[in-house]
Engineer: 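One structure is given below, represented as structure tokens, and several questions about it will come after.
The structure presented is a predicted model; accordingly, all values stated were derived computationally and were not measured. The figures here come from the full heavy-atom set of this structure, side chains too, leaving out hydrogens, waters and symmetry mates.
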Amino acid sequence: MKRAVTLSALACLLAVTAAAPAASDAPAAVRGATAAGKPSALDAVPRHGVLRVCTTGDYRPFTHRDPATGRYSGVDIKMAGDLAKSLDATPRYVATTWARLVGDLSAGRCDIAMGGVSVTLPRARSVYFSEPTRTDGKTPLVRCTDKDKYRTLAQIDRPGTRVIVNPGGTNEEFARAQIHRATLTVHPDNTTIFDEIIAGRADVMMTDASETRYQAKIHPELCSLHPDKPFTFSEKAYALPRGDDEFKAYVDQWVHLATHDGTYRKYEDAWMK
């Protein structure tokens with residue numbers, strides 16, 4: 001009797017095992033899903049034919065929105081076009097601010113955030129970051145007549161120095177952490193903030209070396225101080241929805257190729273040289 005029961009149980013187990021689908025037979029929708037169960041952007045973007053790109057439009061050379069035409073340009077705007085093309089899609093730019101960027105991406109208002117986005121640990125708690133596109137760091141931008149006055153943080157953080165910063169991003173975070181005795185002013189428009197220094201209403205802005213180089217190029221009155229030796233180390237990358245591992249893997253590979261085959265350097269040189 002016991003042998004018969006054992007054989008019967010074994011037969012049931014074999015029947016259940018045979019009926020279960022193999023992992024490779026799982027539906028494509030399941031294999032291409034994010035951790036939250038949503039379709040991966042790797043599949044959704046080609047299906048819709050649109051890559052939604054969150055970008056601030058106020059950070060040349062990476063992203064700039066022409067107020068007259070509404071058109072976007074910049075290093076990362078060119079990269080966005082290439083990424084969209086690789087996915088059989090066209091880019092659609094979603095206006096955001098530095099304060100809202102992570103929230104807009106996390107809320108699903110865009111598929112990717114591009115435009116000189118710095119990798120930070122607080123941001124990385126909410127979003128994924130792609131493989132970096134370049135290294136960077138905070139360094140001063142001043143009037144050339146003052147280039148010997150504000151080379152160090154100690155020289156900058158003195159009573160009487162007027163430091164200016166744009167709101168909501170890593171520039172403001174750095175300035176508030178470092179400036180205690182100088183006067184710190186938050187200027188709401190990152191496209192006109194450099195005019196404040198030229199006009200003499202502010203003395204110093206500390207921003208990424210890439211931006212200081214570009215602004216010094218287009219404004220001969222301004223000088224970028226020691227951009228090869230910035231105060232901090234940081235990396236620029238593209239922010240991606242947290243949990244979408246398949247899309248991140250694709251963007252990582254795409255960035256890796258673009259930064260090693262000369263594509264990214266070509267776009268950057270067009271703005272920086």
Engineer: So, Tyr264 versus Tyr267, ring centres under 6.0 angstrom or not?
Structural biologist: no

Engineer: Looking at every heavy atom in both His226 and Arg151, which two are closest together, and how far apart are they?
Structural biologist: NE2-O, 2.8 Å

Engineer: Within the 3.5 Å criterion, strictly below it, is a donor on Thr97 or Thr56 matched to an acceptor on the partner's side chain?
Structural biologist: no

Engineer: Taking all atoms of both residues into account, what is the closest heavy-atom pair of Val255 and Ser130, and its distance?
Structural biologist: CG2-OG, 4.1 Å

Engineer: List the atom of Tyr250, the atom of Ser86, and the distance in Å for their closest heavy-atom pair.
Structural biologist: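 Closest pair (atom of Tyr250, atom of Ser86, distance): OH-OG, 2.9 Å.
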
Engineer: Among Arg52, Lys38, Arg92, find the one that has a salt bridge (charged side-chain N to carboxylate O under 4.0 Å, His left out) with Asp111.
Structural biologist: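 Among Arg52, Lys38, Arg92, the one that satisfies the salt bridge (charged side-chain N to carboxylate O under 4.0 Å, His left out) with Asp111 is Arg52.
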
Engineer: Are any side-chain N or O atoms of Arg143 and backbone N or O atoms of Cys223, one a donor and one an acceptor, separated by less than 3.5 Å?
Structural biologist: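 Checking the backbone N and O of Cys223 against the side chain of Arg143, no donor-acceptor pair under 3.5 Å is found.
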
Engineer: Do the charged groups of Glu196 and Arg201 touch, with an N to O distance under 4.0 Å?
Structural biologist: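 Yes, Glu196 and Arg201 are salt-bridged.
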
Engineer: Are any of the side-chain nitrogens in Lys248 or Asp252 under 4.0 Å away from the carboxylate oxygens of its partner?
Structural biologist: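 Yes, charged N to carboxylate O under 4.0 Å.
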
Engineer: For Val142, is there any backbone N or O sitting under 3.5 Å from a side-chain donor or acceptor partner on Lys147?
Structural biologist: no

Engineer: Using every non-hydrogen atom in the two residues, find where Glu211 and Pro61 come nearest and quote the distance to one decimal.
Structural biologist: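 Looking at all heavy atoms of both residues, the closest pair is CA-CD, 4.4 Å.
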
Engineer: Main chain of Ala68, side chain of Asp66: is a donor-acceptor contact present, judged purely on distance under 3.5 Å?
Structural biologist: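 Present.
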
Engineer: If you measure from CG on Asp58 to CG on Asn190, what distance do you get to the nearest 0.5 Å?
Structural biologist: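 Answer for the CG-CG pair, Asp58 versus Asn190, is 4.5 Å.
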
Engineer: Quick check on salt bridge (charged side-chain N to carboxylate O under 4.0 Å, His left out): which of Arg60, Lys236, Arg134 does Glu268 satisfy it with?
Structural biologist: Arg134

Engineer: To the nearest 0.5 Å, tell me how far Asp244 CG sits from Ile112 CD1.
Structural biologist: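 Reported value, rounded in 0.5 Å steps: 10.5 Å.
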
Engineer: Using a 3.5 Å distance criterion without hydrogens, assess whether the side chain of Gln178 forms a donor-acceptor pair with backbone atoms of Ala175.
Structural biologist: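 Not confirmed, Gln178 side chain does not pair with Ala175 backbone.
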
Engineer: Start with the C-alpha gap between Thr161 and Lys149, add the side-chain angles, then the distance that decides, and say whether side chain to side chain donor-acceptor pair (under 3.5 Å) holds.
Structural biologist: CA-CA 10 Å; Thr161 303; Lys149 291 176 60 177; over 6 Å; no

Engineer: Testing the 3.5 Å rule here: is there a donor-acceptor pair between the side chains of Asp189 and Thr191?
Structural biologist: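 Side chains of Asp189 and Thr191: pair found under 3.5 Å.
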
Engineer: What's the shortest heavy-atom distance between Arg109 and Gly103, and which atoms?
Structural biologist: NH1-O, 3.9 Å

Engineer: So, for Ala124 and Phe129, which heavy atoms are closest and what is the spacing to 0.1 Å?
Structural biologist: N-CE1, 3.8 Å

Engineer: So, Asp136 side chain and Ala209 main chain: donor-acceptor pair closer than 3.5 Å or not?
Structural biologist: yes

Engineer: Just checking, any donor-acceptor pair under 3.5 angstrom between side chains of Thr63 and Asp76?
Structural biologist: no

Engineer: To the nearest 0.5 Å, what is the distance between CD1 (Ile179) and CZ (Arg162)?
Structural biologist: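 That separation rounds to 14.0 Å.
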
Engineer: Can you measure from CG (Asp208) to OG1 (Thr139) and round to the nearest 0.5 angstrom?
Structural biologist: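 One gets 10.0 Å once the value is rounded to the nearest 0.5 Å.
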
Engineer: Side chain of Thr135, backbone of Glu235: donor and acceptor closer than 3.5 Å?
Structural biologist: no

Engineer: Does the gap between the ring centers of Tyr59 and Trp98 come in under 6.0 Å?
Structural biologist: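 Yes: the rings meet the under 6.0 Å criterion.
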
Engineer: Given side chains that start at C-beta, do those of Phe247 and Tyr128 come closer than 4.5 Å, heavy atoms only?
Structural biologist: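 SC-SC contact between Phe247 and Tyr128 ruled out.
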
